[in-house]
**Q** 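Mind having a look at this structure? Questions to follow.
In this text, all values refer to a predicted model and were calculated from it rather than measured experimentally. Letters A, B, ... are given to chains in the order of the sequence lines, protein chains preceding strands, and every chain is numbered from 1.
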2 protein chains.
Amino acid sequence: MNVQSLSDHSMAFPPTNQPPDTRSRILDAAARLFHEQGFNATGVSTILREAGVNPGSLYNLFPSKDALLAAVLERYTELLHPIVMEPVEKKTSDPIERVFALLQQYREWYSPLEFRLGCPIGNLALEVADSHPEIRPLIQQNFDGWSAYVRKWLDDAGDRLPRDLDRKQLAATVLTVMEGGLMQARSSRSAAAYDASVGQLRAYFDLLLARASAGRTQP
Amino acid sequence: MNVQSLSDHSMAFPPTNQPPDTRSRILDAAARLFHEQGFNATGVSTILREAGVNPGSLYNLFPSKDALLAAVLERYTELLHPIVMEPVEKKTSDPIERVFALLQQYREWYSPLEFRLGCPIGNLALEVADSHPEIRPLIQQNFDGWSAYVRKWLDDAGDRLPRDLDRKQLAATVLTVMEGGLMQARSSRSAAAYDASVGQLRAYFDLLLARASAGRTQP
DNA sequence: GCTCAATGATTGAACGTTCATTCAAGCACA
DNA sequence: TGTGCTTGAATGAACGTTCAATCATTGAGC
């Protein structure tokens with residue numbers, strides 16, 4: 001899989017072979033274009049063309065372009081598990097390796113494009129968080145979902161990590177590494193800064209694991 | 001100081017008391033508006049109004065809005081030392097504390113606004129890196145400048161840090177923490193994720209310092 | 001010290017395009 | 001016959017940009 005598709009994962013049950021409906025086509029095109037070009041740089045007319053839909057249909061389903069963006073972010077929240085987290089959890093059952101499998105997955109998604117695009121949530125976070133008060137909470141909701149998974153993994157690691165370690169703070173840091181590393185990778189069109197940051201996080205984990213291990217054998 | 005002003009730091013020598021010239025007024029207004037609203041969301045007409053300038057004057061100095069953005073980013077590069085790094089280096093001479101003074105300075109700049117705005121370079125990185133091929137290198141140039149300073153500090157720390165530590169990678173990670181932490185702070189309108197990430201980075205440094213110290217006394 | 005032509009910056013109305021959005025009319029299916 | 005989705009031309013506003021006219025400043029010639 002290259003970049004996530006929203007329409008390929010509609011929630012219809014039982015699954016149908018029918019062509020995706022208007023709403024899905026619009027959401028899919030909008031998500032892709034917002035990701036590729038940003039929100040402000042994407043015209044509604046482009047979304048209409050790519051979705052093969054007339055303006056009236058779009059505005060019948062979504063009252064405004066802003067509302068469409070909100071729907072895209074809602075969908076990102078819904079798809080966090082099936083698209084992002086399930087593949088990671090299937091790769092390994094080791095909770096700590098899951099953290100790095102997640103970071104590795106993002107690398108594999110974006111490095112083939114020389115780190116164009118970047119994280120769809122992160123991009124929107126910096127572009128519209130201030131100007132669209134009703135959108136910002138939806139971005140926060142996405143980040144909260146991501147860090148909740150990471151935090152659960154860190155909890156699952158139990159006493160392999162130091163007892164006094166704040167797992168919530170470490171989970172936030174994992175997201176930080178992902179987003180900050182991706183930003184630099186995008187600016188340089190190179191994986192170097194991303195890999196460097198993930199590597200330093202790995203070194204930090206190794207030191208934490210060693211410290212916890214020493215604490216267990218010699219308390 | 002709250003948020004950096006470009007025009008307050010023109011390079012004129014000897015310093016004059018004359019009102020800032022047209023070019024400076026335009027650059028100052030553009031930088032502020034790009035920071036506050038983003039590049040695409042800022043109309044040229046707004047820049048003209050805020051700078052108190054007519055379209056012809058702007059287009060006499062800058063061939064296009066894109067060229068104006070390029071000039072803003074060039075100016076950010078020029079001002080990196082006087083605005084960002086000099087205050088940090090004046091705060092402490094300890095090279096490792098300088099790293100955290102830098103992170104602290106960003107917190108102090110943006111937390112009074114509840115982390116609105118965010119990093120002016122980082123915002124532009126995610127908004128225009130893909131769509132403006134001539135701009136991306138200027139963003140990269142800014143990040144390179146930042147990480148060069150941090151890397152120099154890490155080098156200055158000498159054997160207080162482990163010999164086998166890759167200082168370039170750690171410098172990239174410091175930037176990662178800054179940008180990734182700020183992104184989450186902006187999304188949540190809270191310092192929590194930023195402070196968490198900086199705190200974890202501090203814990204990592206403490207472990208590195210302890211390891212290097214042990215390596216020195218017992219090689 | 002004065003005049004004047006030359007130069008470069010400034011003025012601001014106007015340009016064509018694209019923007020998000022509207023809505024009366026038409027359509028398919030109940 | 002009613003209901004809900006679709007059609008697509010049309011809307012006014014805002015977009016980045018242009019350019020002929022006007023202005024302020026300067027240096028050469030006397």
**Q** Round to a whole Å and report the spacing from CG of B:D21 to C1' of D:dA24.
**A** 15 Å
**Q** Is B:W109 close to B:V84 at the side-chain level, that is, under 4.5 Å between some pair of heavy atoms?
**A** yes
**Q** According to a strict under-4.0 Å criterion, is B:S45 in side-chain N/O contact with OP1 or OP2 of D:dC15?
**A** yes
**Q** Whole angstrom is fine here: how far is it from CZ in B:R25 over to P in C:dT10?
**A** 8 Å
**Q** Looking only at the side chain of A:S57 (C-beta and beyond, no hydrogens), which of the listed nucleotides D:dT17, C:dT21, D:dT6 gets closest?
**A** D:dT6
**Q** If I take atom CZ in residue B:F62 and atom P in nucleotide C:dA9, what distance separates them, rounded to the nearest angstrom?
**A** 12 Å
**Q** If I take atom CG in residue A:L58 and atom P in nucleotide C:dC19, what distance separates them, rounded to the nearest angstrom?
**A** 14 Å
**Q** Expressed in angstrom and rounded to an integer, what is the separation of A:I26 atom CD1 from C:dT21 atom P?
**A** 13 Å
**Q** NA contact type, A:G43, heavy-atom cut-off 4.0 Å: base, sugar-phosphate, or nothing?
**A** sugar-phosphate
**Q** Under 4.0 Å between a side-chain N or O of A:T22 and OP1 or OP2 of D:dC5?
**A** no
**Q** Would you say D:dT6 has OP1 or OP2 under 4.0 Å from some side-chain N or O of A:N54?
**A** no
**Q** Classify the nucleic acid contact of A:T46 as base, sugar-phosphate or nothing, counting any heavy atom under 4.0 Å across all strands shown.
**A** nothing
**Q** Main chain of B:T42, side chain of B:K65: is a donor-acceptor contact present, judged purely on distance under 3.5 Å?
**A** yes
**Q** Which whole-number value in Å describes the distance from B:D66 CG to D:dC15 P?
**A** 16 Å
**Q** Over how many whole Å does the gap from A:R49 atom CZ to C:dT18 atom P extend?
**A** 11 Å
**Q** Does B:F39 offer a backbone N or O that forms a donor-acceptor pair with the side chain of B:E127 under 3.5 Å?
**A** yes
**Q** So does A:R189 have more than 12 non-hydrogen atoms from other groups sitting under 6.0 Å from CZ?
**A** yes
**Q** Take atom CG of A:L48 and atom C1' of D:dG8, then tell me their distance rounded to the nearest Å.
**A** 11 Å
**Q** Is the side chain of A:H35 donor-acceptor paired with the backbone N or O of A:G118 at a distance under 3.5 Å, no angle test?
**A** yes
**Q** When the nearest nucleotide of DNA chain C is assigned to B:G52 and to A:Y59 on a heavy-atom basis, which residue is associated with the more 5' position?
**A** B:G52
**Q** Take B:P55 and A:N40, find for each the nucleotide of DNA chain C with the closest heavy atom, and name the residue whose nucleotide sits nearer the 5' end.
**A** B:P55
